[in-house]
Amino acid sequence: MAPAHPQFVLYNTLERRAEPVNPADPEAVTVYSCGPTVYDDAHIGNFRSFLAADVLRRWLESPLCTLTDDAGRAHAGPRQVTHVMNITDVGHMTDDSSADGGGEDKMELAARRLQESKKAGTAHATADIDPTDPKQIADFYTARFAADARALGLKVALQASDDPTLLPRATDAVPGMIAMIGKLIDRGHAYAVGETGAQTVYFDVQSFPDYGSLSGNTLERLKSGAGGRVESSHQAEKKHPADFLLWKTDPTHKMKWDSPWGSGYPGWHIECTAMSLERLAEPIGRHDIDIHTGGEDNIFPHHECEHAQSCGLTGHSTFARHWMHARFLQVEGEKMSKSTGNFFTARDLFAKGHSPAAVRFELIKTHYRANANFTEQSLTDAAKRLERWRTALRACDDANGPGDRADDARAEFAAAMADDLNVAGAIAAVDRLRSRIASGEIEAGSDTAQTLRDFDAVLGVVELGGGSGPTEMEVAVFADGVEPDAAIDARLIERRDAKKAKDFAKADAIRDELAGMGLAILDRPGGKVEVRRS
Ligand code: AMP
Ligand code: ZN
């Protein structure tokens with residue numbers, strides 16, 4: 001039978017071309033995304049990458065998405081997707097382009113920063129955290145990441161409320177990493193240097209001829225320093241300058257584990273090999289995962305190293321069947337940076353009154369393989385456009401009868417998404433259907449509403465924070481009749497932090513601001529705040 005819609009074609013970084021997505025099982029797809037390093041709040045650039053992965057997984061789940069199997073048979077959606085996103089809470093060094101894992105562990109940097117801000121009396125949000133305990137810092141930022149991610153409709157984070165194994169933490173996976181490093185040594189892909197009990201373990205890149213295939217690097221170029229600085233102090237003990245760290249013995253590191261090589265911590269790259277294979281491949285008896293995602297900076301060295309380790313471990317030439325990488329987000333045409341004041345976290349934008357739906361729309365609307373340019377002005381435009389989409393959906397819900405299913409719009413949307421996730425084309429399809437509904441050109445009804453909902457299940461913007469399910473809030477508890485709103489929750493988080501810092505003027509100003517919106521707030525035991533209509 002001919003497929004109802006064109007098959008899904010996605011750019012594969014490894015092959016440097018767009019290819020049909022060909023999972024091991026077209027009815028049940030596995031997706032692994034490199035998640036945040038929880039030493040600070042995730043910024044909107046991070047969320048651009050995470051949302052690109054979320055749109056991918058939502059598209060795979062859609063009834064409109066068709067995949068083909070090895071025999072060339074078409075499989076129409078919907079299908080099951082298992083999506084895992086890791087939380088990095090150890091071993092990600094500040095100099096993460098260096099093969100040696102140079103610089104400082106980002107979690108230890110966070111501890112130092114927190115200590116300094118406590119001394120200076122500016123540690124508002126983090127007032128209750130013990131800076132000498134990286135676990136407390138990781139817990140704090142992981143909870144905030146999960147809250148922001150849920151507000152932005154990241155399905156993996158919404159599902160993780162019931163199944164935390166979908167957001168696995170690196171520190172929970174260290175025993176598996178130690179076992180994998182031992183196996184890599186046994187298989188001749190890794191070697192330990194130094195005295196017994198104080199050893200460093202490196203991956204031997206020359207043992208894996210395919211090293212460089214993902215990023216286009218060659219061992220010759222890497223030897224001359226391309227693709228990342230190499231710490232000279234480690235050169236003498238390595239077989240090749242590009243050999244990268246698997247285990248570092250370091251009794252002074254705050255987070256450390258016993259291992260056959262000494263007490264220390266794992267390299268960053270082995271974390272994702274462990275978590276992806278353990279969570280997604282091994283439970284179904286496979287050696288590979290279907291799609292691996294990340295931002296463009298992950299291609300080298302992180303994913304190149306992950307590919308080498310994973311293939312070295314399993315003895316297969318494939319680890320991820322498809323590699324997807326999102327290009328970087330710029331803000332107001334420039335690189336995001338704290339010094340130029342164009343640096344935003346998701347919660348910064350919620351606190352300024354922008355809705356999570358508008359933020360999500362802005363972060364997904366540009367093709368994931370083009371640099372996106374984020375402006376605050378376009379957030380306002382996005383909010384207006386989403387209001388028009390909601391009005392169209394209400395008109396369909398309010399009409400009697402099934403109305404027109406708008407198969408031509410479904411085909412247009414599906415063709416755009418199947419073409420390497422052309423979200424801009426998909427948005428144009430929604431816009432056109434909306435204007436036909438508004439003008440009465442097509443008959444609106446429950447079937448038309450279903451088509452709009454099928455589109456929104458992929459884009460995730462129309463019903464975000466509205467009727468599409470619970471949006472979990474960190475502080476706010478919304479009374480009956482008050483629409484749950486992550487922006488209000490973000491303001492209440494700021495108020496809580498202001499009170500902790502004894503900045504009562506700021507706390508009162510936030511109360512007044514909400515009163516101006518017709519909302520009364522009531523402090524409840526346990527730190528929650530009830531929001532009612534006044
Ligand atoms: P990190 O928390 O530094 O480990 O980064 C988490 C993810 O965000 C990685 O996949 C990065 O590639 C991605 N990322 C970082 N900055 C940006 C940016 N400006 N635009 C898009 N993705 C980014
Ligand atoms: Zn990773």
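We're numbering straight along the sequence, starting at 1. Counting convention: from 1, in listed order, for ligands and their atoms alike.
Among W268, F343, Y39, F50, the residue whose heavy atom lies closest to atom 7 (C) of ligand 1 is F50.
In this structure, V156 and D54 have side chains that are not in contact, with every pair of non-hydrogen atoms separated by 4.5 Å or more. You'll find the side chain of R385 reaches within 4.5 Å of the side chain of I427, heavy atoms only. Two residues are said to be in side-chain contact when any heavy atoms from C-beta on lie closer than 4.5 Å; Y202 and L245 meet this criterion.
Residue contact check: G45 has heavy atoms under 4.0 Å from atoms 17 (C), 18 (C), 19 (N), 20 (N), 21 (C), 22 (N), 23 (C) of ligand 1. In the vicinity of P36, heavy-atom distances shorter than 4.0 Å reach the ligand 1 atoms 2 (O). Atoms of ligand 1 lying under 4.0 Å from any heavy atom of T37, numbered from 1 in the order shown and given with element: 1 (P), 2 (O), 4 (O). In summary, the atoms of ligand 1 found under 4.0 Å from a heavy atom of S49, numbered by their order in the structure, are 13 (C), 21 (C), 22 (N), 23 (C). Ligand-side atoms of ligand 1 in range of N298: 9 (C), 10 (O), 12 (O), range being under 4.0 angstrom from any heavy atom. Set against the non-hydrogen atoms of H43, the atoms of ligand 1 under 4.0 Å away are 16 (N), 17 (C).
Using cut-offs of 30° and 60° on the angle between ring planes, the pair W59 and F8 is perpendicular.
Protein heavy atom at the shortest distance from atom 15 (C) of ligand 1 is N46 ND2, 3.2 Å. What sits closest to atom 20 (N) of ligand 1 on the protein, heavy atoms only, is L329 N, 2.9 Å.
Between H325 and H303, the ring center distance clears the sub-6.0 Å criterion. Checked against the 6.0 Å centroid threshold, F145 and F47 count as a close aromatic pair.
For the pair NE2 of H302 and SG of C272, the angle whose vertex sits at the Zn ion (ligand 2) is 110° to 10 degrees.
For a distance bound of 2.8 Å, the N, O or S atoms of H269 include none lying that close to the Zn ion (ligand 2). Checking C34 against the Zn ion (ligand 2), an N/O/S atom falls under the 2.8 Å cut-off.
Ion pairing between a basic and an acidic side chain is recognised when a charged N comes within 4.0 Å of a carboxylate O; R112 and E108 show no such pairing. A salt bridge links E494 to R491: one of the charged nitrogens lies within less than 4.0 Å of a carboxylate oxygen. D133 and K135 are not joined by a salt bridge, as no carboxylate oxygen comes within less than 4.0 angstrom of a charged side-chain nitrogen. Checked for salt-bridge contact, D105 and K254 miss the test: no charged N lies under 4.0 Å from a carboxylate O.
Assignment of A326 to the shell around ligand 1 is not supported, since no heavy atom sits closer than 4.0 Å. Between G35 and ligand 1 there is a heavy-atom distance shorter than 4.0 Å. Put simply, part of D297 is less than 4.0 Å from ligand 1, judged by heavy atoms. Within the structure, the closest approach of K335 to ligand 1 does not fall below 4.0 Å when heavy atoms are considered.
Distance CD/E271 to OG1/T171: 8.5 Å, rounded to 0.5 Å.
Any N or O atom pair closer than 3.5 Å counts here, and G295 shares at least one such pair with ligand 1.
Only side-chain heavy atoms of H92 come within less than 4.0 Å of ligand 1; its backbone N, CA, C and O stay farther off.
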